[in-house]
Number of protein chains: 2
Amino acid sequence: MTLLVGEHDVLRGPPQRKTRAEELRAQLADDIVRGALAPGQTLDEMDLARRFGVSRTPVREAIRQLAASGLVDTRPHRGAVVARPSHERILGMFEAMAELEALCAGKAAERMTPAERQTLETVHEELRVLIHSGDPQRYHEVNEAFHAAIYAGAHNDYLAEMTFATRTRVQPFRRAQFRLLGRLAKSHVEHDQVVEAILRGDRAGAFAAMHAHIITVGEEYEAYAKSL
Amino acid sequence: MTLLVGEHDVLRGPPQRKTRAEELRAQLADDIVRGALAPGQTLDEMDLARRFGVSRTPVREAIRQLAASGLVDTRPHRGAVVARPSHERILGMFEAMAELEALCAGKAAERMTPAERQTLETVHEELRVLIHSGDPQRYHEVNEAFHAAIYAGAHNDYLAEMTFATRTRVQPFRRAQFRLLGRLAKSHVEHDQVVEAILRGDRAGAFAAMHAHIITVGEEYEAYAKSL
DNA sequence: TGCCGCCGGATTGCATACAAAGGCAGGCGT
DNA sequence: ACGCCTGCCTTTGTATGCAATCCGGCGGCA
């Protein structure tokens, strides 16, 4: 999941990927978020160490940091597994995400600079083109950039990081929905409401539009989960 | 900072304090939040290892986890220091905390069970008595319990954890205000508004009251910070 | 005199070795 | 036959030693 915004945005700070532990952390986080590592899968230290050609020490550090960020669960002397939150908890995460994203959108409506508003429009327009491209991966990347632009526009780094972290933690459970190509057009209409409200500086409107957007995303997850 | 709610609440899960790394993490986090370790202070691995009578390995793990939770900053090959966020960032944290706490209060107004409402009233009443006790430490503990009760009443563990984490990260920068004993009575009046709104199931009212309460807390921090 | 580069010390990052705790299977007793 | 206990084995937790990187001071040079 590579954000278009690059390596220096507020969401991760300077690129510290110089130590092996940090590289591993990034790699494992990516694998979890992308679904290459399924929830519930055990993370064997020796196995990972062999696979990445390092010793157990950096592997352990990576796992601990992932545990602190909520992507994996660890229990003393019992190893680590990719986090598998309960259905209730996932719903709670969607609820929290709706509020956080809406909050960012509301603040962005008030605080975005003209340049930031223009960037948002540009990304939004790029998404519109991508609806018909048949490239879900690319759409997903630009969609992330769209939301990241709003986080940045809120001008509150702490809030932005928290919202991004929540989005990351939810990501493993909403991968399927990008298969439903019909969703993209509807999603873009919802984005439209958000962008319009932000551009006109309408805090309440941006909040409401983004809230509805994320709630819809959550409902589609729920419908998908129920179909299993 | 020991919460009254005990060791099994949702805010930390089961008591895993069996490994040395975990004990150290808890100890250091406590020292940072309580101000025994000041922001900017360097955390020397060897020094800590000697002081706690362990090797560097668990010390390193503890520091990494604290870094992931935001209480310390680390840079590769350059050691770790207790986090010293910029003034702007602290204001952002207060803003986010206001929204999160208000959100919890609003959800609590809708969702609290009768038993939870009663507990909230009890804790609130205990705080009233403590205003005049002249024991700021005790007041602080019960105050934390008050807010924790509201988090729990929101019936969203993820949201509760996020809010609690934010409160924890802000804590080092609002210690001074408990010295101002005059603040306690005003704080209790604000709590009153929150409790009343929650008890009558008034989501918007609870949200607004809690939001105002936290904003006030933030403003008092700002006034204090400016006086330095 | 001031700046640049090199070198030594100190600290962190990583690897390896050892200790300890949990899980499982087999055997024993009831 | 079933359940419990015990001992081994696997995996994690901790200690220690070595390598790599950063910081400060020193000396050379313009």
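None of the values given here were measured: they were computed from a predicted structure. So that the names make sense, note that chain A is the first sequence line, chain B the second, and so on, each numbered from 1.
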*Asks:* When the ring planes of A:His147 and A:His191 are compared, do they come out parallel, tilted or perpendicular, using 30° and 60° as the limits?
*Replies:* perpendicular

*Asks:* Any donor-acceptor pair under 3.5 Å linking the side chain of B:Arg20 with the backbone of B:Thr57?
*Replies:* no

*Asks:* Measure from the side-chain N and O atoms of A:Glu110 to the backbone N and O of A:Lys107, and report whether any donor-acceptor pair falls under 3.5 Å.
*Replies:* no

*Asks:* Hey, can you tell me if A:Tyr221 and A:Phe173 have their rings parallel, tilted or perpendicular (30° and 60° cut-offs)?
*Replies:* perpendicular

*Asks:* From CZ of B:Arg50 over to P of D:dA15, roughly how many Å is that when rounded to an integer?
*Replies:* 14 Å

*Asks:* Has the side chain of A:Arg75 got a donor or acceptor atom sitting under 3.5 Å from an opposite partner on the base of C:dG22?
*Replies:* no

*Asks:* Please determine whether a side-chain nitrogen or oxygen atom of A:Arg78 lies at a distance below 4.0 Å from atom OP1 or OP2 of C:dG23.
*Replies:* yes

*Asks:* Would you mind telling me which residue lines up with the more 5' stretch of DNA chain C, B:Thr57 or B:Asp44, judged by nearest nucleotide?
*Replies:* B:Asp44

*Asks:* Which is true for A:Arg20 with a 4.0 Å heavy-atom rule: it touches a base, it touches only sugar-phosphate, or it touches nothing?
*Replies:* sugar-phosphate

*Asks:* Measure CD/B:Glu45 against P/D:dA15 and give the value in whole Å, please.
*Replies:* 13 Å

*Asks:* Over how many whole Å does the gap from B:Met46 atom CE to D:dA15 atom P extend?
*Replies:* 14 Å

*Asks:* Counting heavy atoms from C-beta on, name the nucleotide in C:dC14, C:dG22, D:dG13 closest to the side chain of B:Lys18.
*Replies:* C:dG22

*Asks:* Within this structure, what is the NE2-to-C1' distance between B:His77 and D:dT21, rounded to whole angstrom?
*Replies:* 5 Å

*Asks:* To the nearest Å, how far apart are B:Arg56 CZ and C:dA15 C1'?
*Replies:* 12 Å

*Asks:* Rounded to the Å, how far apart are A:Arg60 CZ and C:dT16 P?
*Replies:* 16 Å

*Asks:* For A:Glu22 and C:dT12, give me the distance from atom CD to atom P, rounded to whole Å.
*Replies:* 18 Å

*Asks:* Take the protein atom CG of A:Leu48 and the nucleotide atom C1' of D:dT11, then report the distance between them rounded to whole Å.
*Replies:* 13 Å

